[in-house]
There are 2 protein chains.
Amino acid sequence: MAQPKKAASIWDVARLAGVSHQTVSRVVNGSPRVAAATRDKVLDAIAELGYRPNRLARSLAGGAVESVTVLAADTSLYGPEAALRGIEKAARSLDWSVQISVLDPADTHSDADIIARLPRAGEPTIIMAHDEPGMRAKQVLLDTQPQAMVAIGPYTAEELAASPWLVGMDDGKAAAEATKYLLDLGHETVHHLAIPTSTGTFGGGKAHRAEGWSRTLREAGREVPDPVPSGWTFAEAFKAVQPLVADPSVTAILCGNDHLALATLRAAHLAGRSVPGDLSIVGFDNTPFTAYTTPALTTVNQDFESVGRGAFELLRHRIDGSNPRPKPSWPEPELIVRETSGPPRPRS
Amino acid sequence: MAQPKKAASIWDVARLAGVSHQTVSRVVNGSPRVAAATRDKVLDAIAELGYRPNRLARSLAGGAVESVTVLAADTSLYGPEAALRGIEKAARSLDWSVQISVLDPADTHSDADIIARLPRAGEPTIIMAHDEPGMRAKQVLLDTQPQAMVAIGPYTAEELAASPWLVGMDDGKAAAEATKYLLDLGHETVHHLAIPTSTGTFGGGKAHRAEGWSRTLREAGREVPDPVPSGWTFAEAFKAVQPLVADPSVTAILCGNDHLALATLRAAHLAGRSVPGDLSIVGFDNTPFTAYTTPALTTVNQDFESVGRGAFELLRHRIDGSNPRPKPSWPEPELIVRETSGPPRPRS
DNA sequence: ATAACTCGAGTGATCGTTAACATCACTCGG
DNA sequence: CCGAGTGATGTTAACGATCACTCGAGTTAT
């Protein structure tokens, strides 16, 4: 087995180039105060040794912070995944490195566990706080290092504007919009298949999508049916939605996300109800597959990527006050009407 | 704004506890040679200051390597995402931290760019080498630090057994199995909508799924139609598959992954062809949504999570030869028959 | 002609942690 | 009663990089 010979350090380069280690550092970091001839010598030595600076040592030495850690429980959902992409892009363009730590939803992490995820105290952190483990992590970080953390989640416009460490989108408004659309179509009322709230059990924590939906119904003077709680998976949603699709009086269902909507579509099909003839289904998030189901899902688009970008900018501001505080903003939700929604069948 | 007061270091704890910093280090690392009374004092001090060890400094000081970096281009695909989950879990259980660096497929990274992703020379790295940026990264790492890298990708059993830094699944065999299934159903031949190969353009690099498919057809003495190249996105697949669904002589399509299969299903529906009556469609990967489409997709299950776990184990072995070399293994593909496949309609 | 300034490069401290070695107080056997 | 062993600590030196200084030589200003 080949001897894993130690990697070259800045001193090795310095020795080979016949200069001091500091000069090498200057070359590497692009300092202007180094003669061209010296620079070339150093560059040659770097190439010959295959030297690459050690990021760990760099940030230890008090160089500028250059990494973010993202804490998330479920990156298989489209929302978090897209937000992550936004963070990645924004960070990458500034040469920050991005570390992702996945919180296990099954596992009950102790507070110390969560903190141990961070490579160092004060590590800049972005938390995907859309579910229970995320909310938990948010609280822990808020207690230990509030200056270097930002959370992404669904909130109302007021909450977003008020909190200096929060970024997100106005889920309530998006839900209201979708609900209004269904009512305008002529549906008597709209049922709701709800994603779990941040506290894990439905009804406990905040549920902005459900709130926007119920508020709209109330304002329109309609009956507000009990929301149906579902888990995050297809299987859970499929099971939870059964009573809804079996009930012929239900003509419209607003689903908490597109996964639930797909499961609802499937359940409706198996129950022999035609969509959108007998039943209108509206999803949430505009997950890529929604445009290609049959029938294609009507859904609400959310620009998660820009939310991720926003989170990174806010974090930079909070770490280093000199960066301008990006003004709180949230992308406008946009209803995308496809084929699973339509007017209810006239009563016979 | 609250002064971001510096985090407590091992020295601060030592001072407060009235011991040397080394004793604190011993307590933190669970060394046995510390008196119980001293340990308690130190523990108290740690609690009071909210001290947490700095991972960066720890590994700088030559402590055991404890992090992996995963290089991947597209984590939105189910395969890489699941493999990543496998790596995460395996790493987490050993208290390693996982860093994920997303390679931008659009961006053309220079070799130096790729290397700069790693926090230090010799950083243990796992590469998702299923697409062009991944293959590129694999080559770069193989040149610079072959001892500390492992690649995940689709390969034949022979390739996997031969290469000491490769982990993956036998895509060719899986494709062969699916193709054989369709032939046994009575289809004259099977068409193939192919994912991009590792070199980006179809036909250039290796395409194990396509190879397994064509080999099976040849062995059965059937005509081998030209495979139809597609991109990774739904939109590209939808466009690419048009000629296939428009051709009534096509009765079976094996798709390179489930995304392509969903797009094909949609295209077939819009072209007025019934599935599986007129056309059988088989996907690849058993992405979660496939069980909930209408009709539900027949597909080939691959245990990506165990591949990810295997990659991590192999990496550990390669870094530290004392760990037993996990014997090369790859999960058996499993055909999952749902509703998009059936015998061809008898000729009229 | 001499003080003042500029430019290029070197020296030493520092970051937080662990490894290796040194020290010191006991206990135990002869 | 003394040397060896042992268990609990302290001391010093890395690790790889940056930063704040310092210093000498050449240029410019007075």
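Keep in mind the model is a prediction, meaning the values are calculated, not measured. The sequence lines fix the lettering, A, B, ..., with proteins before strands; numbering per chain opens at 1.
The closest side-chain donor-acceptor pair between Ser101(A) and Arg92(B) falls under 3.5 angstrom.
Rounded to the nearest 0.5 Å, atoms CG (Asp111(A)) and CD (Gln139(A)) are 9.0 Å apart. From Asp44(B), atom CG reaches atom CG of Asp40(B) across 6.5 Å, with rounding to the nearest 0.5 Å. Annotation: the span from Arg15(B) atom CZ to Trp11(B) atom CH2 amounts to 8.5 Å, rounded to 0.5 Å.
Exactly one of Arg120(B), Glu123(B), Gln99(B) qualifies for a side-chain hydrogen bond (donor to acceptor under 3.5 Å, both in side chains) with Thr69(B). That residue is Glu123(B). No option in Ile127(B), Val167(B), Ile87(B) other than Val167(B) meets the side-chain contact (heavy atoms from CB on, under 4.5 Å) test with Val150(B).
Residue Arg55(B) contributes atom CZ, which lies 17 Å from atom P of dG16(C) at whole-angstrom precision. A straight line from CG of Leu60(B) to C1' of dG16(C) spans 9 Å, rounded to a whole angstrom. Separating the CG atom of Leu56(A) from the C1' atom of dG16(C) is a distance of 12 Å, rounded to the nearest angstrom. For Asn54(B) and dC15(D), the CG to C1' distance is 13 Å, given to the nearest whole Å. Computed from coordinates, the Ile10(A) CD1 to dA14(D) C1' distance equals 16 Å when rounded to whole Å. Arg33(B) has its CZ atom 17 Å from the C1' atom of dT18(C), to the nearest Å.
Comparing the local axis fitted to the first five base pairs of the helix from dA1(C)-dT30(D) to dG30(C)-dC1(D) with the one fitted to its last five gives a bend of 50°, rounded to 10°.
A heavy atom lying under 4.0 Å from DNA chain D marks the following residues of residues 35-50 of chain B, by number: Ala35(B), Thr38(B). Contacts between residues 22-30 of chain A and DNA chain C, defined by a heavy-atom separation under 4.0 Å, are made by Gln22(A), Thr23(A), Arg26(A).
Applying the salt bridge (charged side-chain N to carboxylate O under 4.0 Å, His left out) definition to pairs two or more places apart or across chains, none involves residues 16-37 of chain B.
Side-chain contact between Ile46(A) and Leu43(A): present, with at least one pair of heavy atoms (C-beta onward) separated by less than 4.5 Å.
Remark: Gln145(A) engages Leu118(A), Thr125(A), Leu141(A), Gln147(A), Ala148(A), Arg52(B) in a side chain to side chain contact (heavy atoms under 4.5 Å, CB included) (not counting sequence neighbours). For Trp165(A), there are no ring-ring contact (aromatic ring centres under 6.0 Å, His included) partners two or more places apart in sequence or in a different chain.
The nucleotide whose nearest atom lies closest to any side-chain atom of Ala57(B) is, among dG16(C), dG16(D), dT11(D), dG16(C). Closest approach to the Arg58(B) side chain among dT18(C), dA17(D), dG16(C) is made by dT18(C) (side chain taken as heavy atoms from C-beta onward).
Ranked by how close their nearest DNA chain D nucleotide is to the 5' end, Ala61(B) and Val19(B) are led by Val19(B).
A donor and an acceptor atom never sit less than 3.5 Å apart when one is taken from the side chain of His21(A) and the other from the base of dT11(C).
Between His130(A) and Trp232(A), the ring-plane angle classifies as perpendicular under the 30° and 60° cut-offs.
Among the atoms of the strands shown, base atoms are found under 4.0 Å from some heavy atom of Trp11(B).
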